[in-house]
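Remarks on the structure that follows.
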There are 2 protein chains.
Amino acid sequence: MFFRLAKIIKNFTLNNSKKNLNGVVPIKDQCYKELEITYDWYREKPLNILTQKKKGGPIDVYKEFKGDGRVVRVGLEFETGNISSAHRSMNKLLLGMNHQELELGVILMPVYALSYYLTDRVSNYEELEPYFELAEYTPFIFIGFNANQFDPSVEAIPKGKDGMSKRSIKKMDGKIIIKPPHSFHHGDN
Amino acid sequence: MFFRLAKIIKNFTLNNSKKNLNGVVPIKDQCYKELEITYDWYREKPLNILTQKKKGGPIDVYKEFKGDGRVVRVGLEFETGNISSAHRSMNKLLLGMNHQELELGVILMPVYALSYYLTDRVSNYEELEPYFELAEYTPFIFIGFNANQFDPSVEAIPKGKDGMSKRSIKKMDGKIIIKPPHSFHHGDN
DNA sequence: TCTGGATCCACA
DNA sequence: TGTG
DNA sequence: GATCCAGA
Ligand SMILES: [Mn+2]
Ligand SMILES: [Mn+2]
């Protein structure tokens with residue numbers, strides 16, 4: 001017996017005219033919608049262990065697969081935050097499995113080749129890879145995804161005004177210079 | 001038999017006039033200097049396991065304690081980066097211990113009360129605490145530190161490049177680069 | 001085309 | 001508020 | 001989380 005966790009293979013072309021050119025938010029939004037609508041996964045599943053400790057947030061996506069009189073609970077983290085954030089995601093899933101709240105953990109992230117054209121230092125498969133062994137005795141799947149195609153002429157994915165962005169409102173102290181936001185849309189999908 | 005890892009207790013007053021007001025770089029600089037100069041720790045120790053995998057950087061601080069015919073290798077991470085970065089630090093130290101390259105791992109970070117007045121989302125003891133159990137079977141010490149005193153009238157710790165100014169660091173197997181230290185004064189200490 | 005930050009954002 |  | 005920064 002086996003289940004199809006999900007199958008989301010979209011054709012997706014990315015502007016590759018410059019390193020770190022594209023933002024990352026619209027990518028995950030697309031994937032979450034598919035998981036929820038097409039595959040009935042749930043968003044933001046809290047772990048009991050963290051609820052009990054009254055500290056820490058939920059898991060990105062969650063689904064219980066039922067069959068043969070048993071349940072397989074799967075926690076999935078879609079990672080497009082900073083690579084360090086991927087360590088937190090992995091640790092959170094490990095916590096859930098260590099406490100028998102999950103039977104399987106999954107992390108979905110860009111491969112290096114893709115991340116090169118996304119916001120600097122976002123999570124990528126290759127950089128987390130040396131740490132996969134920390135999940136050696138835990139059911140875990142690490143998935144790296146790439147764009148289907150690169151094309152310097154398609155519209156770039158817009159970025160937000162977080163962190164060190166020049167569009168940040170605070171920017172260290174006084175001088176507030178906010179640039180107008182662009183439409184949060186991109187190419188196909 | 002026991003060793004004093006280090007004892008750095010400085011009086012340190014922080015401007016508490018506003019949330020997230022202070023930068024964080026000068027704090028660690030001070031602590032590193034003390035560990036290197038007073039206690040002979042080394043900076044930036046690469047782990048063999050990561051060197052072999054040709055991926056991943058070094059451990060912040062490292063020292064080998066010798067006595068009774070054995071060596072106790074201690075890896076220490078001073079964490080003032082984003083809380084997610086603390087997960088990477090923990091994972092890296094776990095990797096070192098899992099591979100018998102370290103006998104003890106230490107993470108030094110602000111307690112929540114202190115982090116409240118530092119750059120938003122920096123590492124803090126309370127937020128990493130729920131994950132301590134991932135190091136349950138590994139020799140590990142988590143240390144939270146606070147300011148000694150809060151005073152809305154002392155000068156705030158600068159953020160950004162204002163707080164920078166590289167000085168010399170002592171590496172385990174490398175040369176020592178010398179550069180003049182910058183003045184570090186926020187209140188007393 | 002490496003790597004650990006430091007700093008700010010959005011929304012509970 | 002706290003957390004990704 | 002998401003954006004950039006600084007140094008080797
Ligand atoms: Mn999440
Ligand atoms: Mn996520």
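As a basis for the values below, the full set of heavy atoms in this structure was taken, side chains included, without hydrogen atoms, waters or symmetry mates. In the text below, chain A, chain B and the rest are named by the order of the sequence lines, each starting its count at 1.
Ring centroids of F142(A) and Y125(A) are separated by 6.0 Å or more, keeping the two rings apart.
Applying the 4.0 Å criterion to OP1 and OP2 of dT3(E), one finds that S165(A) has every side-chain N and O outside that range. For dC8(C), neither phosphate oxygen OP1 nor OP2 lies less than 4.0 angstrom from any side-chain nitrogen or oxygen of S168(A). Side-chain nitrogen and oxygen atoms of K55(A) include at least one within less than 4.0 Å of the OP1 or OP2 phosphate oxygen of dT3(D).
When the ring-ring contact (aromatic ring centres under 6.0 Å, His included) test is applied to Y112(B), no partner is found at least two apart in sequence or on another chain. Residues passing the side-chain contact (heavy atoms from CB on, under 4.5 Å) test with E101(A) are L47(A), N48(A), I49(A), H99(A), sequence neighbours excluded. With sequence neighbours excluded, the residues forming a salt bridge (Lys or Arg N to Asp or Glu O under 4.0 Å) with E133(A) are K53(B), listed by chain and number. By the side-chain contact (heavy atoms from CB on, under 4.5 Å) test, I37(B) is found to be paired with K33(B), residues two or more places apart in sequence or in another chain being considered. For Y32(A), the ring-ring contact (aromatic ring centres under 6.0 Å, His included) test picks out F78(A), with sequence neighbours left out. Looking at residues two or more places apart in sequence or on another chain, you find no ring-ring contact (aromatic ring centres under 6.0 Å, His included) involving Y62(B). Not a single ring-ring contact (aromatic ring centres under 6.0 Å, His included) links Y116(B) to another residue, sequence neighbours left out.
To the nearest 0.5 Å, atoms CG (L128(B)) and CD1 (I83(B)) are separated by 5.0 Å.
In secondary-structure terms, DNA chain D builds stems of at least 3 consecutive Watson-Crick or G-U pairs, each pair having both distances under 3.5 Å, at C:9-11 with D:2-4.
Rounding to whole angstrom units, CZ of residue F78(B) and C1' of dA6(C) are separated by 14 Å. Summarising the geometry, the separation between NZ on K166(A) and P on dC4(E) is reported as 7 Å, rounded to the nearest angstrom. Going from atom CG of L21(A) over to atom P of dT3(E) covers 12 Å, rounded to whole Å. If you take NZ of K18(A) and P of dT1(C), they are 15 Å apart, rounded to a whole angstrom. Rounding to whole angstrom units, NZ of residue K159(B) and P of dA6(C) are separated by 13 Å. Look at OH on Y116(B): it is 15 Å from C1' on dT3(D), rounded to the nearest Å. Separating the NZ atom of K54(B) from the C1' atom of dT1(C) is a distance of 16 Å, rounded to the nearest angstrom. Atom CG in D60(B) sits roughly 10 Å away from atom C1' in dG5(C) (whole-Å rounding).
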What nitrogen or oxygen pairs link the protein and nucleotides 10-12 of chain C at under 3.5 Å?
none

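Backbone-only contact: G57(B) has heavy atoms under 4.0 Å from sugar-phosphate atoms and none from a base. Within 4.0 Å (heavy atoms only), K19(A) reaches no atom of the nucleic acid at all. Looking at heavy-atom distances under 4.0 Å, E79(A) makes contact with sugar-phosphate atoms alone, never a base.
Checked by atom type, the side-chain pair S84(B)/S84(A) shows a donor-acceptor distance below 3.5 Å.
Closest to the side chain of V25(A), out of dT7(C), dG5(C), dA2(E), is dA2(E). Comparing dT7(C), dG4(C), dA2(E) against the side chain of E127(A) picks out dG4(C) as the nearest.
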* In dot-bracket notation, what is the pairing pattern of DNA chain E, taking Watson-Crick (N1-N3 plus N6-O4 or O6-N4) and G-U wobble (N1-O2 and O6-N3) contacts under 3.5 Å, with [ ] crossing and | for other strands? -> |||||||.

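Of the charged side-chain nitrogens involved, none lies within less than 4.0 Å of a carboxylate oxygen, so that E36(B) and K170(B) do not count as a salt-bridged pair.
Within a 6.0 Å sphere centred on NZ of K7(B), heavy atoms belonging to other residues, nucleotides or ligands number 12 at most.
Applying a 4.0 Å cut-off to non-hydrogen atoms, the residues of residues 82-115 of chain B that approach DNA chain E are N82(B), listed by residue number.
No donor-acceptor pair closer than 3.5 Å links the side chain of N124(A) to the backbone N or O of P110(A).
The side-chain hydrogen bond (donor to acceptor under 3.5 Å, both in side chains) pairs that include a residue from residues 135-145 of chain A number zero, where partners must be two or more places apart or lie in different chains.
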* Asked: Do V106(A) and L104(A) pass the side chain to side chain contact (heavy atoms under 4.5 Å, CB included) test, and can you show the C-alpha distance, the side-chain angles, and the key distance before you say yes or no?
  -> CA-CA 7 Å; V106(A) 182; L104(A) 175 64; 4.2 Å; yes

